[in-house]
Amino acid sequence: MIFDTDQVDELIRNRRSIYPNLYSGEVVPDSIIERMLENANWAPTHGLTEPWRFTVFTGDGLQKLATFQSELYRELALADGTFDEAKFDKLATKPLLASHIISIGMKRDLKGKIPEIEEIEAVACAVQNMYLTATAHQIGCYWGSGGITYRTEANSFFGLGTDDRLLGFMYVGMPKIEWPAGRRRPIEEKIKWVK
């Protein structure tokens, strides 16, 4: 098995978060979404628990997600006195900017043999695989964790149990901008060698 390591480096270094307001409105082919999800399935997973769970919203499903999350937000925020009309409006409209939205869930191992943080880390690796696949196809995506993310009251809508976690949403769309340049501080500032 031989890989072009320069191309792998370029792919990793060109992964970007591209936000929904920068999408063109063009629909991403389902075949690319399926490839993103298949590659997510090959993330590292301690104990082979494969804790990632995804729900894909597209077409009329985007409106169903928008309605669910905005109404749940309203219910919870009115109950605790934190309701913000602008936030409600954003939750009701932002999903409609995407071609697809993939909910990102972590299904807890029933035996509890793997620490929860390691299951969350496995899901994060699966999301990175989705990001890299999207980048290879020049598809924009963004992992958002606002709104109803982390609210257990939302779990059942996404097929998650009470011990599971909703970790956010992957917004996917065709970018209407040039691929953005990236920036990072030198790696030397972040490592220590012990020999």
Side-chain angles (χ1 to χ4, degrees), residues 1-24 26 28 31-54 56 87 90 94-95 97-109 112-151 164-195:
M1 185 174 350
I2 299 173
F3 298 100
D4 183 327
T5 56
D6 289 335
Q7 281 191 323
V8 172
D9 291 347
E10 279 299 302
L11 176 63
I12 292 168
R13 293 172 191 179
N14 279 287
R15 184 224 43 88
R16 297 287 175 272
S17 289
I18 299 181
Y19 303 99
N21 65 320
L22 301 174
Y23 298 160
S24 69
E26 183 181 344
V28 174
S31 59
I32 294 176
I33 303 299
E34 290 165 359
R35 184 171 277 194
M36 290 170 63
L37 293 165
E38 181 61 36
N39 288 343
N41 198 41
W42 287 94
T45 166
H46 188 184
L48 294 176
T49 57
E50 302 176 33
W52 40 83
R53 295 296 184 275
F54 306 110
V56 181
K87 186 170 184 178
K90 185 177 179 181
K94 185 177 174 183
L97 299 173
S99 168
H100 294 71
I101 296 178
I102 304 167
S103 72
I104 302 165
M106 184 275 296
K107 185 82 173 161
R108 192 75 175 104
D109 173 46
K113 66 180 182 174
I114 306 298
E116 181 183 51
I117 187 64
E118 293 183 19
E119 300 284 58
I120 293 169
E121 292 162 346
V123 173
C125 289
V127 171
Q128 176 72 344
N129 285 0
M130 288 196 290
Y131 258 122
L132 293 173
T133 306
T135 300
H137 290 275
Q138 298 181 328
I139 302 296
C141 59
Y142 157 67
W143 180 2
S145 59
I148 62 169
T149 302
Y150 313 129
R151 299 303 302 245
D164 304 331
R165 302 255 183 200
L166 177 61
L167 299 176
F169 301 92
M170 175 69 82
Y171 290 77
V172 182
M174 297 297 293
K176 63 181 177 184
I177 58 166
E178 283 190 39
W179 204 261
R183 62 184 186 279
R184 290 290 189 271
R185 294 187 318 276
I187 187 62
E188 292 78 14
E189 296 177 9
K190 305 165 197 164
I191 59 174
K192 178 172 99 173
W193 290 82
V194 178
K195 295 185 178 185

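All values below come from the heavy atoms of this structure, side chains included, with hydrogens, waters and symmetry mates left out.
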Does [Y] offer a backbone N or O that forms a donor-acceptor pair with the side chain of [X] under 3.5 Å?
X: Ser24; Y: Lys176; value: no
X: Lys190; Y: Arg185; value: yes
X: Tyr171; Y: Leu97; value: no

Over 12 foreign heavy atoms within 6.0 Å of CH2, Trp42: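 At most 12 heavy atoms, drawn from other residues, nucleotides or ligands, come within 6.0 Å of this atom.
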Gln138, CD: over 12 other non-hydrogen atoms inside 6.0 angstrom: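 Open: at most 12 neighbouring heavy atoms sit under 6.0 Å from CD of Gln138.
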Contacts of type salt bridge (charged side-chain N to carboxylate O under 4.0 Å, His left out), residue Asp109, not counting sequence neighbours: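 None.
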Residues forming a salt bridge (charged side-chain N to carboxylate O under 4.0 Å, His left out) with Glu178, sequence neighbours excluded: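 Applying salt bridge (charged side-chain N to carboxylate O under 4.0 Å, His left out) to Glu178 gives none.
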Residues Arg16, Thr135; criterion side chain to side chain contact (heavy atoms under 4.5 Å, CB included); working and verdict: CA-CA 7 Å; Arg16 297 287 175 272; Thr135 300; over 6 Å; no
Taking all heavy atoms of [X] and all of [Y], pick out the closest pair and write down the distance.
X: Trp52; Y: Asn41; answer: NE1-OD1, 2.9 Å
X: Tyr23; Y: Ile18; answer: OH-O, 2.8 Å
X: Gly173; Y: Ser99; answer: CA-CB, 4.2 Å
X: Thr149; Y: Ser145; answer: CB-O, 3.3 Å

Less than 4.5 Å apart, side chain to side chain, heavy atoms only: is that true for [X] and [Y]?
X: Leu132; Y: Asn39; result: no
X: Met130; Y: Phe54; result: yes
X: Arg13; Y: Arg184; result: no
X: Val56; Y: Leu37; result: yes

Cationic N near anionic O, under 4.0 Å, Lys107 to Asp164: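 Result for this pair is yes, salt bridge flagged.
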Tyr142 side, atom OH; Ile101 side, atom CD1 - distance, nearest 0.5 Å: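 It is 11.0 Å, given to the nearest 0.5 Å.
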